[in-house]
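Have a look at the structure below, then the notes.
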Amino acid sequence: MLWREGMAIRGTAEKFYEFTHESGTKEYVGPERTRAKVEGFIQKNYLGKDRIIIHIVENGHGRESTNFHELKFESKVKMNGHFTSMVAKQSGNVTWQRTPF
């Protein structure tokens, strides 16, 4: 659940599933779900695609974790980019979209 205040992005998130190439899709139900606080901003680029920078602090199982997402708007419904996570020093490509995968 995100909202925009000018160029600032704020909101909350709830992890209900994740996908990894190693283990596939894992669903989180009821008390297994974790909550997160989301903050960020939109960077307007007049000679290129606009970007959004997102910082997510997740109250994970046993400890808090931090994730950064740097995304470029591909369309009104999809953003692609790169993420970096403090959990096991992970990083990789990420896609955000308005409709379920």
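FYI, the numbering just counts along the sequence from 1. Side chains are part of it too, since the values below use all heavy atoms of this structure and drop only hydrogens, waters and symmetry mates.
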### Task
Could you check I9 against E39 for side-chain contact (heavy atoms from CB on, under 4.5 Å), going step by step and ending with a plain yes or no?
CA-CA 5 Å; I9 303 293; E39 294 183 340; over 6 Å; no
Co-membership, hydrophobic cluster, residues [X] and [Y], 4.5 Å side-chain:
X   : Y   : value
V38 : F41 : no
I42 : I54 : yes
M7  : L71 : yes
L2  : V94 : yes

#### Entry: Non-hydrogen side-chain atoms of Q97 and V77 separated by less than 4.5 Å
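Heavy-atom side-chain distance check fails, nothing below 4.5 Å.
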So, taking the atom named [atom1] in [X] and the one named [atom2] in [Y], what distance separates them when rounded to the nearest 0.5 Å?
X   : Y   : atom1 : atom2 : result
K44 : Y46 : NZ    : OH    : 6.5 Å
N80 : E74 : CG    : CD    : 4.5 Å
N67 : Q90 : CG    : CD    : 8.5 Å
K72 : K78 : NZ    : NZ    : 15.0 Å
K15 : N59 : NZ    : CG    : 12.0 Å
K49 : F73 : NZ    : CZ    : 11.5 Å

### Message
Students often mix this up, so state it plainly: with edges at 30° and 60°, are the rings of H69 and F83 parallel, tilted or perpendicular?
### Response
tilted
### Message
Between R33 and E14 (salt bridge meaning N to carboxylate O under 4.0 Å), is one present in this structure?
### Response
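Between E14 and R33 there is a salt bridge, with a charged N closer than 4.0 Å to a carboxylate O.
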#### Entry: Test: E58 and K37 ion pair at under 4.0 Å
no
### Message
Does E5 have more than 12 heavy atoms from other residues, nucleotides or ligands lying within 6.0 Å of its CD?
### Response
yes
### Query
Should the heavy atoms of other residues, nucleotides or ligands under 6.0 Å from CZ of F16 be counted, would the total exceed 12?
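Not buried by this count: 12 neighbours or fewer within 6.0 Å.
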